[in-house]
A.B. asks: 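One structure, as structure tokens, below. Some questions next.
This is a predicted model, so every value here is computed, not measured.
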Amino acid sequence: MKLMHISDLHLGKRISDFSMIDDQKGILKKIIETVNEQKPDVILIAGDIYDRSVPSTEAMEILYKEICAAYPDYKIMIAPDVDVSATEL
């Protein structure tokens, strides 16, 4: 079984007034390229998925649109931080 582990995405991160969303989308595209090359059986996304305990809608949409919706046939396991609820995933 081939497992791909992704962590510490910090989706939605802002530095002062600067949003890191565009940079994060670029990184997620590289992750998607790696998934397509490696063809893992399972994708595990663990810890520090979002940068805040209450993530922005934009940050949640990135996770879904860029990863989850892109791979409907993959088994994707998400192990969030202790302060992120299931509805935010």
Side-chain angles (χ1 to χ4, degrees):
M1 173 181 279
K2 189 183 274 190
L3 171 77
M4 177 172 279
H5 175 238
I6 305 165
S7 69
D8 297 295
L9 297 172
H10 291 275
L11 297 175
K13 180 148 182 92
R14 297 185 70 83
I15 298 175
S16 295
D17 290 331
F18 183 76
S19 172
M20 302 295 291
I21 292 289
D22 289 334
D23 295 308
Q24 292 169 336
K25 286 180 181 178
I27 290 167
L28 289 174
K29 285 182 183 179
K30 290 185 184 290
I31 290 170
I32 289 168
E33 289 173 11
T34 303
V35 169
N36 290 335
E37 290 169 8
Q38 297 296 318
K39 299 187 183 341
D41 298 303
V42 177
I43 300 170
L44 171 62
I45 305 172
D48 290 332
I49 296 167
Y50 300 115
D51 196 56
R52 298 176 173 206
S53 59
V54 180
S56 67
T57 301
E58 187 176 29
M60 290 187 287
E61 286 177 351
I62 289 173
L63 177 66
Y64 179 74
K65 288 179 182 177
E66 300 295 331
I67 299 288
C68 298
Y71 296 107
D73 297 330
Y74 276 91
K75 293 173 179 66
I76 300 176
M77 298 169 50
I78 299 176
D81 305 335
V82 294
D83 56 352
V84 175
S85 73
T87 57
E88 293 164 338
L89 295 173

A.B. asks: Does the side chain of Asp48 come within less than 4.5 Å of Leu9's, by heavy atoms?
C.D. replies: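 No. Closest side-chain heavy atoms not under 4.5 Å.
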A.B. asks: Rounded to the nearest 0.5 Å, what's the gap from CG on Leu11 to CD on Glu61? Could you check?
C.D. replies: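 The CD atom of Glu61 is 12.0 Å from CG of Leu11, to the nearest 0.5 Å.
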A.B. asks: Let me have the donor-acceptor pairs involving side chains of residues 17-34, under 3.5 Å, with sequence neighbours excluded, atom names and distances please.
C.D. replies:
from: Ser19; atom 1: OG; to: Ile21; atom 2: N; distance (Å): 3.2
from: Gln24; atom 1: OE1; to: Gly12; atom 2: N; distance (Å): 3.0
from: Gln24; atom 1: NE2; to: His10; atom 2: O; distance (Å): 2.7
from: Thr34; atom 1: OG1; to: Lys30; atom 2: O; distance (Å): 3.1

A.B. asks: How close do Met77 and Val42 get, heavy atom to heavy atom, and via which atoms?
C.D. replies: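 Here Met77 and Val42 meet closest at SD-CG1, 3.7 Å.
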A.B. asks: May I ask you to test the Met60-Tyr50 pair for a side-chain heavy-atom distance under 4.5 Å?
C.D. replies: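 Side chain of Met60 against side chain of Tyr50, heavy atoms only: contact under 4.5 Å found.
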A.B. asks: Within the side chain of Lys65, is there an N or O that forms a donor-acceptor pair under 3.5 Å with the backbone of Ile62?
C.D. replies: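 Answer holds: no.
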A.B. asks: Would Leu44 end up clustered with Ile49 when hydrophobic side chains under 4.5 Å apart are linked, directly or stepwise?
C.D. replies: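 No, because Leu44 and Ile49 fall into different hydrophobic clusters, even though each may have its own neighbours under 4.5 Å.
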A.B. asks: Please report the shortest heavy-atom distance between Ala46 and Ser7, naming the atom on each side.
C.D. replies: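 For Ala46 and Ser7, the tightest heavy-atom pair comes out as O-CB, 2.9 Å.
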A.B. asks: Do Lys2 side-chain atoms and Lys39 backbone N/O form a donor-acceptor pair below 3.5 Å?
C.D. replies: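 No.
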A.B. asks: Nearest 0.5 angstrom please: Ile45 CD1 to Met4 CE, how far?
C.D. replies: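 Taking CD1 in Ile45 and CE in Met4, the distance rounds to 10.5 Å.
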A.B. asks: Minimum heavy-atom separation for Ala59 to Pro55, with atom names?
C.D. replies: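 Answer, listing the atom of Ala59 first, then Pro55: CB-CB, 4.4 Å.
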A.B. asks: Nearest 0.5 Å please: distance from the CG atom of Leu3 over to the CG atom of Asp41.
C.D. replies: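 Here the interatomic distance stands at 9.0 Å.
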